[in-house]
Participant: 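Provided herewith is a single structure, encoded as structure tokens, for subsequent inquiry.
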Protein chains: 2
Amino acid sequence: MNISAAAKASGLPVKTVRYYADIGLVDAPSRSEAGYRSYDDVAVRKLVFARRSRAFGFSIEECRELLGLYQDQDRTSSEVKRIASKRLEEIEVKQRELQSLHDALAHLVTSCRGDHRPDCPIIDYLG
Amino acid sequence: MNISAAAKASGLPVKTVRYYADIGLVDAPSRSEAGYRSYDDVAVRKLVFARRSRAFGFSIEECRELLGLYQDQDRTSSEVKRIASKRLEEIEVKQRELQSLHDALAHLVTSCRGDHRPDCPIIDYLG
DNA sequence: CCTAATCTCTCCAGTAACTGGAAGGTCAAG
DNA sequence: CTTGACCTTCCAGTTACTGGAGAGATTAGG
């Protein structure tokens, strides 16, 4: 499988597939005689794993850790759960931050008339 | 006012104060004979404005736009409201994304036993 | 007045995770 | 044989700073 097929199969952009091998997130693929990267199903499965993990907001380093656990037959589920729980907490923190941001901005937006006149509570608040 | 006093007064790190002038977000301050940057209250107020706008998640470019409106006596409140509403929508999109992410990950985390055994629904899902 | 500590300056590099583009080699179809 | 799609490497840019080096300025204490 050439890189574009692997990209399609994994759901990642070609550039990203190359990048993930460059930084060692996944193994460097073997090469054809002409130097083309060659992917097999196992490699694609790891790319899919990386994509899904990233979609959950895990950082590259966390993906690296998760991929390590993915490939480790002896890992315990508690190791995985620890990482996922940490990420879940981060999400919850972010949600609270976003909520208060939302409320404050929504308040300003609704209190601004948004007409042709210059007086504006949004600007007043920021300044 | 030297830069550290302006930083303290505005609530921004010294590095950031310098940075904001470097990129032209705020005016370049005048200099002392020795080349030290010198800030007045007006400059500090703009720095505060920038800090608050950033805290609302406005990008530097949006801050630039907002600061322009802040300094423009003739702007209408509708111009400001348009930018703020756009940002508010972005926040709401992000909130929804985060919510579904949260729900999916929370589901996985609760369904994972987190014990010493290797079978783990989180890994199963990602792989 | 000297010295040590604290500020300040500029410039360079690094962060996270890609993304875009240039210059050039390869492959399959017609 | 040529065209077009694909592949390669390498370099640069993105966002919004942040850290640090090396050097000059200022201030407080003795």
Side-chain angles (χ1 to χ4, degrees), chain A residues 1-26 28-40 43-44 46-67 86-87 90-91 94 97 101, chain B residues 1-26 28-40 43-44 46-67 86-87 90-91 94 97 101:
Chain A
M1 216 188 307
N2 277 349
I3 196 166
S4 63
K8 197 163 288 181
S10 66
L12 287 169
V14 169
K15 280 268 186 188
T16 304
V17 173
R18 245 182 240 121
Y19 175 70
Y20 283 174
D22 284 352
I23 62 170
L25 179 61
V26 299
S30 56
R31 301 291 184 120
S32 74
E33 269 188 39
Y36 285 21
R37 289 170 180 79
S38 177
Y39 292 85
D40 58 14
V44 167
K46 289 180 193 172
L47 288 171
V48 169
F49 188 98
R51 177 176 59 75
R52 295 219 180 115
S53 306
R54 291 285 301 128
F56 266 116
F58 289 105
S59 70
I60 291 286
E61 287 316 304
E62 285 168 328
C63 290
R64 211 185 283 277
E65 203 175 353
L66 287 169
L67 266 163
K86 182 166 149 280
R87 174 76 195 124
E90 287 165 10
I91 289 175
K94 193 76 193 164
E97 283 173 8
L101 213 57
Chain B
M1 216 187 306
N2 276 349
I3 196 167
S4 63
K8 196 163 287 182
S10 66
L12 287 169
V14 168
K15 280 268 186 186
T16 304
V17 173
R18 247 183 238 119
Y19 176 71
Y20 283 174
D22 284 353
I23 62 171
L25 179 60
V26 299
S30 57
R31 302 290 185 121
S32 74
E33 270 187 38
Y36 284 21
R37 289 170 180 79
S38 178
Y39 292 85
D40 58 16
V44 167
K46 291 180 193 172
L47 289 170
V48 169
F49 187 99
R51 176 175 60 75
R52 295 216 180 118
S53 307
R54 291 285 301 127
F56 265 117
F58 290 105
S59 70
I60 291 287
E61 288 316 304
E62 285 168 328
C63 289
R64 211 184 284 276
E65 203 174 353
L66 286 170
L67 266 163
K86 182 166 148 280
R87 175 75 195 126
E90 287 165 10
I91 289 175
K94 193 78 193 163
E97 284 173 8
L101 213 58

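Throughout, protein chains are lettered first and strands after them, A, B, ... in sequence-line order, and every chain is numbered starting at 1. Owing to the predicted nature of the structure, the values given are computational and were not obtained by experimental measurement.
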Participant: In this structure, how many angstroms lie between the P atom of D:dT15 and the CD1 atom of B:Ile23, rounded?
Facilitator: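 Nearest whole value for this atom pair: 10 Å.
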Participant: What is the distance, to the nearest angstrom, from the CG atom on B:Asp22 to the P atom on D:dT15?
Facilitator: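 Taking atom P of D:dT15 as the reference, CG of B:Asp22 is at 16 Å.
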Participant: Rounding to an integer number of Å, can you tell me how far A:Tyr19 OH sits from D:dT9 P?
Facilitator: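 It works out to 16 Å between those atoms.
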Participant: Under a 4.0 Å threshold between the charged nitrogen and the carboxylate oxygen, would A:Lys94 count as salt-bridged to A:Glu90?
Facilitator: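 Answer for the salt bridge query: no.
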Participant: If you pin B:Glu33 and B:Ile60 to their nearest nucleotides in DNA chain D, which one's is more 5'?
Facilitator: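 Nearest-nucleotide comparison on DNA chain D picks B:Ile60.
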Participant: Tell me whether the side-chain N/O atoms of A:Thr16 come closer than 4.0 Å to OP1 or OP2 in C:dT19.
Facilitator: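 Yes.
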Participant: How many angstroms lie between atom SG of B:Cys63 and atom CZ of B:Arg54, to the nearest 0.5 angstrom?
Facilitator: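 Result: 6.0 Å between the selected atoms.
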Participant: Is it the case that the side chain of B:Asn2 and the backbone of B:Ala5 share a donor-acceptor pair, with hydrogens and angles ignored and the cut-off at 3.5 Å?
Facilitator: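 Not a single qualifying donor-acceptor pair exists.
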Participant: Which nucleotide in the list C:dT19, D:dA16, D:dT18 gets nearest to the side chain of B:Pro13?
Facilitator: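 Ranking C:dT19, D:dA16, D:dT18 by closest atom to the B:Pro13 side chain puts D:dT18 first.
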Participant: Need one value for B:Phe58: base, sugar-phosphate or nothing, where a base atom within 4.0 Å counts as base even if backbone is also close, heavy atoms only.
Facilitator: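 Nothing, no nucleic acid heavy atom in range.
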Participant: Expressed as a whole number of angstroms, how long is the span from A:Arg54:CZ to C:dT19:P?
Facilitator: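 Those two atoms, CZ and P, are 10 Å apart.
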Participant: Compare side-chain N and O positions of A:Tyr20 against OP1 and OP2 of C:dA17 and report whether any pair is under 4.0 Å apart.
Facilitator: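 No, because none of the side-chain N or O atoms of A:Tyr20 sits under 4.0 Å from OP1 or OP2 of C:dA17.
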Participant: Would you say the side-chain atoms of B:Arg87 pair up with the backbone N or O of B:Phe56, donor to acceptor, closer than 3.5 Å?
Facilitator: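 Yes: the side chain of B:Arg87 pairs with the backbone of B:Phe56.
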Participant: Spell out, as yes or no, whether a donor-acceptor pair under 3.5 Å connects the side chain of B:Ser10 to the backbone of B:Ala6.
Facilitator: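 At least one qualifying donor-acceptor pair exists.
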Participant: Check every strand shown and say whether B:Ser59 touches a base, only sugar-phosphate, or nothing at a heavy-atom separation below 4.0 Å.
Facilitator: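 It contacts sugar-phosphate atoms only.
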Participant: Mark up nucleotides 3-15 of chain C, 5' to 3', with B wherever a protein heavy atom is under 4.0 angstrom from a base atom, S wherever such an atom reaches only the sugar-phosphate, and - elsewhere.
Facilitator: ----BSSBB----
Participant: Indicate yes or no: at least one non-hydrogen side-chain atom of B:Leu67 is less than 4.5 angstrom from one of B:Phe49.
Facilitator: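 When only atoms from C-beta onward are counted, B:Phe49 and B:Leu67 do touch, with a gap below 4.5 Å.
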